[in-house]
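In each ligand, atom 1 is the first atom listed, and ligand 1 is the first ligand listed.
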Amino acid sequence: MTTKVVPGQLVASRDAAQVATEAATRMARALRNAIGKSGRAAIALSGGDTPRDAYTLLAKESGLDWTKVNVFWVDERAVPPTDDRSNYRWAKATLIDPAGITADRVHRMPADAPDREGAARDYEAAIREDVELDGDGIPAFDVVVLGVGDDGHTASLFPGEKTVDIHDRLVAAVDARGAREARLTLTPPAIEHARHLFILAVGAAKRPPLERVWSAQGSIHETPARVVRGCRGTVTWLIDKAAGGLAN
Ligand code: 6PG
């Protein structure tokens, strides 16, 4: 039998609504603490359906000075910013506009740029400029929001692709494959050096990939979400009952 150890803190919720509430409260606390310590904070947002309600609640959190928070993305698809599949579009609708975050703090990931490799390098430069470096000289996001795909991906680190082996860059271009459009994604070092990782998963389809992430043995190439096991900061799992949150 393989041992299962949840790496980090598991916050078990009864349903998606509670996951969103717990996530928003904790993300806001981490951002406020960062601002209290260093006068600024940085958050990287994932797309997908799961975090949208948490973003809506985060926008309503009081006592959070958004003029001091730089907003980046974990990943983005090669689509225009108004496209229904754009992660920027959803974050803008749920968090950025409602919270009144000003354009100078918002760093859209330009995955739709014709030169995606160049865009990845420029995005890394923007991160290095606005995110505090840790003791290793790597930018350490105060908050990174992640989801887990049914196939075990996180960010745009997909099973069977070499992006999980990238350690010399913070941002990488991901080629289109099948029905999936090309993307930009944060790489393992950007995720591993986060001060706080919040991983949101809701619904029964997330249970098998979560079990694979939590298993002591496993391959990061089969289940790229195992990248979170290397995080040096705090890791918080916000999981509903269907995804296995109350079964542990
Ligand atoms: C994206 C992501 C991706 C997402 C997972 C989970 O843009 O697709 O950032 O990694 O977090 O696919 O997505 P759901 O929340 O929709 O299940």
Atoms of ligand 1 less than 4.0 Å from [X] heavy atoms?
| X | result |
| --- | --- |
| Val148 | 6 (C) |
| Thr50 | 14 (P), 15 (O), 17 (O) |
| Gly48 | 1 (C), 7 (O), 13 (O), 14 (P), 15 (O), 16 (O) |
| Asn87 | 1 (C), 7 (O) |
| Gly147 | 11 (O) |
| Ala155 | 3 (C), 10 (O) |

Heavy-atom nearest neighbour of atom 17 (O) of ligand 1 within options Glu76, Lys206, Arg85: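 Comparing heavy atoms across Glu76, Lys206, Arg85, the nearest one to atom 17 (O) of ligand 1 lies in Lys206.
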Options Leu157, Leu200, Ile199, Asp49, ranked by nearest heavy atom to atom 16 (O) of ligand 1, top entry: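 Ranked by closest heavy atom to atom 16 (O) of ligand 1, first place is Asp49.
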Any N or O of [X] closer than 3.5 Å to N or O of ligand 1:
| X | result |
| --- | --- |
| Gly149 | no |
| Ser156 | no |
| Thr154 | no |

[X] bridged to [Y] by N-O distance under 4.0 Å:
| X | Y | value |
| --- | --- | --- |
| Glu161 | Arg180 | yes |
| Asp150 | Lys206 | yes |
| Arg89 | Asp84 | yes |
| Glu181 | Arg85 | yes |

Result of checking Arg26, Arg29, Arg32 against Glu61 for salt bridge (charged side-chain N to carboxylate O under 4.0 Å, His left out):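 So the option named by the test is Arg32.
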N/O donor to acceptor pairs below 3.5 angstrom from side-chain atoms of residues 40-51, sequence neighbours left out:
{"unit_1": "Arg40", "atom_1": "NH1", "unit_2": "Asp130", "atom_2": "O", "d": "3.3"}
{"unit_1": "Ser46", "atom_1": "OG", "unit_2": "Val145", "atom_2": "O", "d": "2.7"}
{"unit_1": "Asp49", "atom_1": "OD1", "unit_2": "Arg52", "atom_2": "NH2", "d": "3.3"}

Whether Phe72 and His107 hold their rings parallel, tilted or perpendicular, with breakpoints at 30° and 60°: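 Rings of Phe72 and His107: parallel, as their planes differ by under 30°.
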Identify the protein heavy atom lying closest to [atom], giving its residue, its atom name and the separation to 0.1 Å.
| atom | answer |
| --- | --- |
| atom 5 (C) of ligand 1 | His153 NE2, 3.5 Å |
| atom 8 (O) of ligand 1 | Arg77 NH2, 2.5 Å |
| atom 9 (O) of ligand 1 | Asp75 OD1, 2.7 Å |

Residues which pass side chain to side chain contact (heavy atoms under 4.5 Å, CB included) with Asp122, listed by chain and number, not counting sequence neighbours: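 Applying side chain to side chain contact (heavy atoms under 4.5 Å, CB included) to Asp122 gives none.
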Ser156-Asp75 side chain donor-acceptor pair, cut-off 3.5 Å: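 Note: Ser156 and Asp75 side chains meet the donor-acceptor criterion.
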